[in-house]
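All residue numbers refer to positions in the sequence shown, counting from 1.
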Amino acid sequence: MFRSGLLVMIITMISRVLGLVRAGIIAYYFGASAMTDAFFSAFKISNFFRQLLGEGALGSSFIPLYNERVEIEGEERSKEFIYSILNLLFVFSTIITILMIIFSQGIIDGIVSGFPAETKLLASRLLKIMSVYFIFISLSGMICAILNNFKQFAVPASTSIFFNLAIILASMYFGKSYGIDALAYGVVIGGVLQFLVVLPAFFKIVKGYSFKIDWKDPYLKRIFIMICPMLIGIVARQVNTIVDQMFASYLAAGGVSALENATRLYLLPVGVFGVSISTVIFPGLSKAMSRNNYKEATDNIVKGLNILLFLIIPSTAVLTFYAPEVIRLTLSYGKFDEEAVRVTAQALLYYSLGLYFYTAIYLMTRAFYSVKDSRHPVKFSIVSIVVNIVLNFLLIEKLEYRGIALSTSVAAAVNFILLLIVFRKKYINFSLKKSYIFFAKTLIVTSFALLASFKVENTILKLIVFSAVYMLFWTRSLIKNKMEVF
């Protein structure tokens, strides 16, 4: 299981590094301005439902129901369930795309009301172009969930690589000719590539296709019953981002871009570690809970939390203590000046304070899904969004963009703590003693790595020294005890 997680992490790391390259290319050609604010805002809206249809509600609902049907009716009959879901998804995403095109101006006016009129018009035009992306990313996301269920993790993890490449090439070769529109067309092409790349592996599994929707299928009804509370929870998390964006639209030009660039950097470990670990653990955790094997389930959860500590604590240290250096290394090229570095670095520092909580939310949410409880994650997501809105309102005047980033971190902490407390109280009261001890060890080792690398001038060498010292302390334990170290 954890070997699969390592493979997914490696592929995801490549994708995320390309994401950083993508951010650097955009910063180089377009800087951080009202124009990039318009693009990032429009892209967030067109990308709003992505989590709902891939690694989120639909995928999480599909896995247990599909496996149950295979046990009862066999694999051939169960494929009809796959076809019905994908066909319905195509119809739904097409309708949403048409609505986004028609009402793009109204959507932009409602979400980024603080933008100047010219920036709103540009964002509206970019949203019209990128709306089509929703169809392809929806289908690609669902197919990725299907492939994950068949223990094919590599292809789904690699889809973002093609998306990033499309935007990078669009920026480099068409940025001068088409301006910011080149990025929007790059998004659409990236979505098409993400869809096409999963088709060979998908058809190898299903060996055919049917465009029929079986409206009488009871599993179709059950998936919609399961998905509704999950959708509310995931929408709440996405609304958190939109709320940040709405508040940021009242800041000076470049504020949205600073938060977007900082978000991309702190989401690097979230995607590489948090999503990868939870994606691989979820199928095994679901099976353990269905067999009432609480020992195995506890082992999976505790190991997952400790692996995240092992990976996230040093990541947090780097992104907080070395934030300006990281920003200069990844983004400070072309039109991205020193003022943009300063603003983005400060946003990154405050975002990074909630890094562990944000990654661990993915794992604890899957723990609830494994016992078919989607209500509690929804409640806690709603609580976190309320916390985020209140803190944004209280902090934005004094801390500006830093207040927005800090609010997101605090909201993530509240969400995770509620998930952990209620799961232990309601389902498995597993001991956290091992995690507390592991946290203390990780913190001490991270401190030594910081002390060893702090005075190093060159950023790349600084990060190499930090990583080498950190891993040196753990090498003996990892070789001797392997996964038991967690």
Side-chain angles (χ1 to χ4, degrees), residues 1-25 47 50-51 53-56 59-60 62-63 133 136-169 186-187 189-205 263-285 300 303-304 307-308 310-312 314-315 318-319 330 355 358-363 366 463 467 471 478 483 486:
M1 176 177 66
F2 289 102
R3 287 181 181 177
S4 299
L6 182 61
L7 175 63
V8 174
M9 280 192 282
I10 291 170
I11 296 172
T12 307
M13 174 64 82
I14 295 169
S15 173
R16 295 286 175 163
V17 168
L18 275 176
L20 291 177
V21 172
R22 177 184 108 194
I25 292 291
N47 199 38
R50 179 182 61 82
Q51 282 193 318
L53 306 166
E55 65 209 26
S60 298
F62 169 81
I63 288 174
Y133 162 77
F136 297 104
I137 196 60
S138 299
L139 294 172
S140 172
M142 187 59 221
I143 292 173
C144 285
I146 294 168
L147 293 178
N148 284 336
N149 190 54
F150 284 90
K151 296 183 179 180
Q152 293 196 28
F153 300 108
V155 173
S158 68
T159 56
S160 293
I161 293 175
F162 297 93
F163 177 74
N164 287 323
L165 286 173
I167 296 179
I168 289 169
L169 294 173
V187 167
I189 295 168
V192 173
L193 292 175
Q194 283 182 289
F195 173 64
L196 293 177
V197 78
V198 298
L199 289 182
F202 172 71
F203 284 118
K204 189 176 181 180
I205 290 171
T263 299
R264 177 153 298 282
L265 284 165
Y266 99 89
L267 285 181
L268 176 62
V270 172
V272 173
F273 306 137
V275 175
S276 300
I277 293 296
S278 62
T279 297
V280 174
I281 282 178
F282 181 48
L285 182 59
N300 279 334
K303 278 188 176 179
I307 289 171
L308 288 177
F310 174 76
L311 298 166
I312 296 301
S315 300
V318 168
L319 295 179
T330 55
L355 193 55
Y358 204 87
T359 54
I361 284 170
Y362 283 90
L363 179 61
R366 294 302 193 281
L463 297 177
S467 303
M471 288 306 300
L478 288 169
M483 291 307 299
F486 301 111

Practice prompt. Rounded to the nearest 0.5 Å, what's the gap from CZ on Phe202 to CZ on Phe195? Could you check?
Written response: 9.0 Å
Fill in: Interatomic distance, Leu193 atom CG to Ile161 atom CD1 [nearest 0.5 angstrom]
12.0 Å
Worksheet entry | Residues that Asn148 engages under side chain to side chain donor-acceptor pair (under 3.5 Å), provided they are two or more places apart | none
Item to complete: Determine the minimum heavy-atom distance between Gly186 and Ala166, stating which atoms define it.
Response: O-CB, 3.6 Å
Worksheet item: What residues, two or more places apart in sequence or in another chain, satisfy side-chain contact (heavy atoms from CB on, under 4.5 Å) together with Leu311?
Response: Met9, Phe273, Ile307
Worksheet, complete the sentence: Nearest heavy-atom contact between Val270 and Tyr362 is CG1-CE1, 3.7 Å
Practice prompt. Mind listing the closest non-hydrogen atom pair of Asn164 and Gly19 along with its distance?
Written response: ND2-N, 3.5 Å
Worksheet item: Which value, rounded to the nearest 0.5 Å, describes the distance between Leu363 atom CG and Asn300 atom CG?
Response: 9.0 Å
Worksheet item: What residues, two or more places apart in sequence or in another chain, satisfy side-chain contact (heavy atoms from CB on, under 4.5 Å) together with Ile167?
Response: Arg22, Ile26, Phe163, Ser171, Leu183, Val187
Worksheet, complete the sentence: Residue set satisfying side-chain contact (heavy atoms from CB on, under 4.5 Å) with Val198, at least two apart, ordered chain then number -> Ser140, Ile143, Cys144, Leu147, Val155, Thr159
Discussion item. Just to verify, what does Phe150 make a ring-ring contact (aromatic ring centres under 6.0 Å, His included) with, not counting sequence neighbours?
Written reply: Tyr66
Discussion item. When you compare the side chain of Phe153 with that of Ile11, does any pair of heavy atoms fall below 4.5 Å?
Written reply: no
Discussion item. Tell me every residue that passes side-chain contact (heavy atoms from CB on, under 4.5 Å) with Phe310, counting only those two or more places apart in sequence or in another chain.
Written reply: Phe438, Tyr470, Met471, Trp474, Leu478, Phe486
Fill in: Residue pair Gln194 / Tyr133, side-chain heavy-atom distance below 4.5 Å
yes
Worksheet, complete the sentence: dist Ile25:CD1 -> Leu18:CG (nearest 0.5 Å) comes out at 10.5 Å
Worksheet, complete the sentence: Rounded to the nearest 0.5 angstrom, the CG-OG1 distance for Leu265 and Thr330 is 4.5 Å
Worksheet item: If every non-hydrogen atom of Leu308 is compared with every non-hydrogen atom of Ala360, which pair is closest and at what distance?
Response: CD1-CA, 3.8 Å
